Amino acid sequence: MTATPAEGRPLRLLLVDDQPLLRVGFRMVLESEDGLEVVGEAGDGAEALRLTRQLAPDVVLMDVRMPVMDGIEATRRIAASESSARVIILTTFDLDEYAFAGLQAGASAFLLKDVAPAELVHAVRLVASGDAVVSPRVTQRLLETYVRSAGSAVERPEAQPDPLLKDLTPRELEVLRAICEGLSNAEIAHRLFLSEATVKSHVRRILSKLHLRDRVQAVVYGYETGLVVPSNPDY
């Protein structure tokens with residue numbers, strides 16, 4: 001699990017979009033808030049990689065369709081690197097196959113480009129904390145749509161469960177399933193009659209054992225391995 005930003009310093013943000021006006025708008029919203037600092041801007045994925053290495057942002061807001069290198073490949077490379085930056089994919093449609101590909105590549109969340117200013121700020125803080133999935137119902141709907149179309153491990157009899165799941169205790173499996181439902185630590189604690197501190201400990205161990213960056217990657221993992229089955233075929 002990647003480290004969260006140090007207490008007392010602003011969150012460092014990198015804006016990546018090939019539309020300068022969109023970057024200007026996002027910068028105005030984000031820099032009007034205490035504790036947020038836009039440290040750089042990029043117009044394509046290759047430049048985003050260079051600036052991520054150079055500026056060490058905490059959160060990268062990443063467009064998908066860009067010249068030179070698209071946001072999916074840039075996200076994949078950031079996730080595979082030693083950077084602790086978390087990526088938020090910016091998309092136009094909530095059921096966008098590129099947003100799903102971004103989550104698979106290692107993004108921590110996705111946001112619609114017309115997101116309300118307050119929601120944008122809230123999402124950035126949540127993703128930086130690593131303690132919540134942004135827009136859990138929308139994220140769940142996105143995952144269910146594309147996992148169903150591709151076929152999950154449960155739907156493929158020949159597929160074998162990930163051996164890493166055997167390393168989880170029964171309680172950790174319960175917590176993982178709750179994470180995949182989009183529940184917060186407080187909601188998991190209430191459901192399982194645990195303290196929030198105990199839930200946080202379980203979450204840290206789950207992410208460590210499964211080699212996952214954060215909670216949204218745990219959700220992606222749950223759907224891809226068949227631990228969670230798409231629930232509503234009418235989505």
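Positions are given from 1 along the sequence. Just so it is clear, the structure is predicted and the values come from calculations on it, not from any experiment.
Cluster partners of V24, by chain and number: M28. The rule joins Ile, Leu, Val, Met, Phe, Trp and Tyr whenever side-chain heavy atoms lie under 4.5 Å apart.
Here the CG-CG distance, from D167 to L173, works out to 10.5 Å after rounding to the nearest 0.5 Å. L111 CG to I89 CD1: the interatomic distance, rounded to the nearest 0.5 Å, is 10.0 Å. Atom NE2 of H211 is separated from atom CG of L164 by 5.0 Å, given to the nearest 0.5 angstrom. In this structure, CG on L165 lies 3.5 Å from OH on Y221, to the nearest 0.5 angstrom. Within the model, atoms CE of M62 and CG of L90 stand 9.0 Å from one another, a figure rounded to the nearest 0.5 Å. Distance check, rounded to the nearest 0.5 Å: OG of S129 to CZ of R86 gives 7.0 Å.
Looking only at side-chain heavy atoms (C-beta outward), K200 and V203 stay at 4.5 Å or farther from each other. The shortest distance between side-chain heavy atoms of V59 and L61 falls below 4.5 Å.
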Identify each donor-acceptor pair in which a side-chain atom of residues 12-20 lies under 3.5 Å from a protein atom, sequence neighbours left out, and give them as a table.
residue: R12; atom: NE; partner: L55; partner atom: O; Å: 3.2
residue: R12; atom: NE; partner: A56; partner atom: O; Å: 3.4
residue: R12; atom: NH2; partner: L55; partner atom: O; Å: 2.5
residue: D17; atom: OD1; partner: Q19; partner atom: N; Å: 2.7
residue: D17; atom: OD2; partner: K113; partner atom: NZ; Å: 3.1

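Looking at every heavy atom in both residues, P67 comes nearest to G43 through CD-O, 4.0 Å. The shortest non-hydrogen separation linking A107 to V216 is O-CG1, 3.3 Å. For A48 against A42, the heavy-atom pair with the smallest separation is N-CB, 3.7 Å. Residues P117 and V29 come closest through the heavy atom pair CB-CG1, 3.8 Å. Minimum interatomic distance between V60 and A85 (heavy atoms only, all atoms of both residues): CG2-CB, 4.1 Å. Taking both residues in full, the closest heavy atoms of P57 and T52 are given as CD-O, 3.5 Å, listed atom of the first, atom of the second, then distance.
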Original post:
Under the side-chain contact (heavy atoms from CB on, under 4.5 Å) criterion, do V199 and L192 qualify, and how do the steps go?
Top reply: CA-CA 9 Å; V199 172; L192 300 180; 6.0 Å; no
**OP:** Walk me through it: do R177 and E174 pass the test salt bridge (Lys or Arg N to Asp or Glu O under 4.0 Å)?
**Re:** CA-CA 5 Å; R177 288 191 174 95; E174 283 185 294; over 6 Å; no
**OP:** For the pair R77 and E73, evaluate salt bridge (Lys or Arg N to Asp or Glu O under 4.0 Å) and give the outcome as yes or no after the intermediate values.
**Re:** CA-CA 6 Å; R77 295 192 188 190; E73 182 59 26; 2.9 Å; yes
**OP:** Tell me, with the steps shown, if F110 and V64 meet side-chain contact (heavy atoms from CB on, under 4.5 Å).
**Re:** CA-CA 10 Å; F110 77 97; V64 173; over 6 Å; no
Original post:
Going through the checks in order, is the side-chain contact (heavy atoms from CB on, under 4.5 Å) test met by Q217 and L207?
Top reply: CA-CA 9 Å; Q217 291 306 304; L207 297 179; over 6 Å; no
**OP:** Decide side-chain contact (heavy atoms from CB on, under 4.5 Å) for D58 and R9; before the verdict, give the C-alpha distance in whole Å, the side-chain angles of both, and the deciding distance to 0.1 Å.
**Re:** CA-CA 11 Å; D58 299 305; R9 74 161 175 81; 2.9 Å; yes
**OP:** Decide side chain to side chain donor-acceptor pair (under 3.5 Å) for R125 and H122; before the verdict, give the C-alpha distance in whole Å, the side-chain angles of both, and the deciding distance to 0.1 Å.
**Re:** CA-CA 5 Å; R125 295 191 193 281; H122 182 58; over 6 Å; no
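Applying the salt bridge (charged side-chain N to carboxylate O under 4.0 Å, His left out) test to every pair with at least one member in residues 46-57, sequence neighbours left out, gives these pairs: E47-R50.
Side chain of N185 to main chain of I188: no donor-acceptor pair is present (N/O by atom type, distance under 3.5 Å, no hydrogens or angles). A distance-only check finds a donor-acceptor pair linking the side chain of R213 to the backbone of A79 [under 3.5 Å]. E181 places no side-chain N or O within donor-acceptor distance of the main-chain N or O of L176, the cut-off being under 3.5 Å.
R205 and S208 share no side-chain donor-acceptor pair at under 3.5 Å.
Linking Ile, Leu, Val, Met, Phe, Trp and Tyr whenever their side-chain heavy atoms come within less than 4.5 Å leaves V68 and I72 in two separate clusters.
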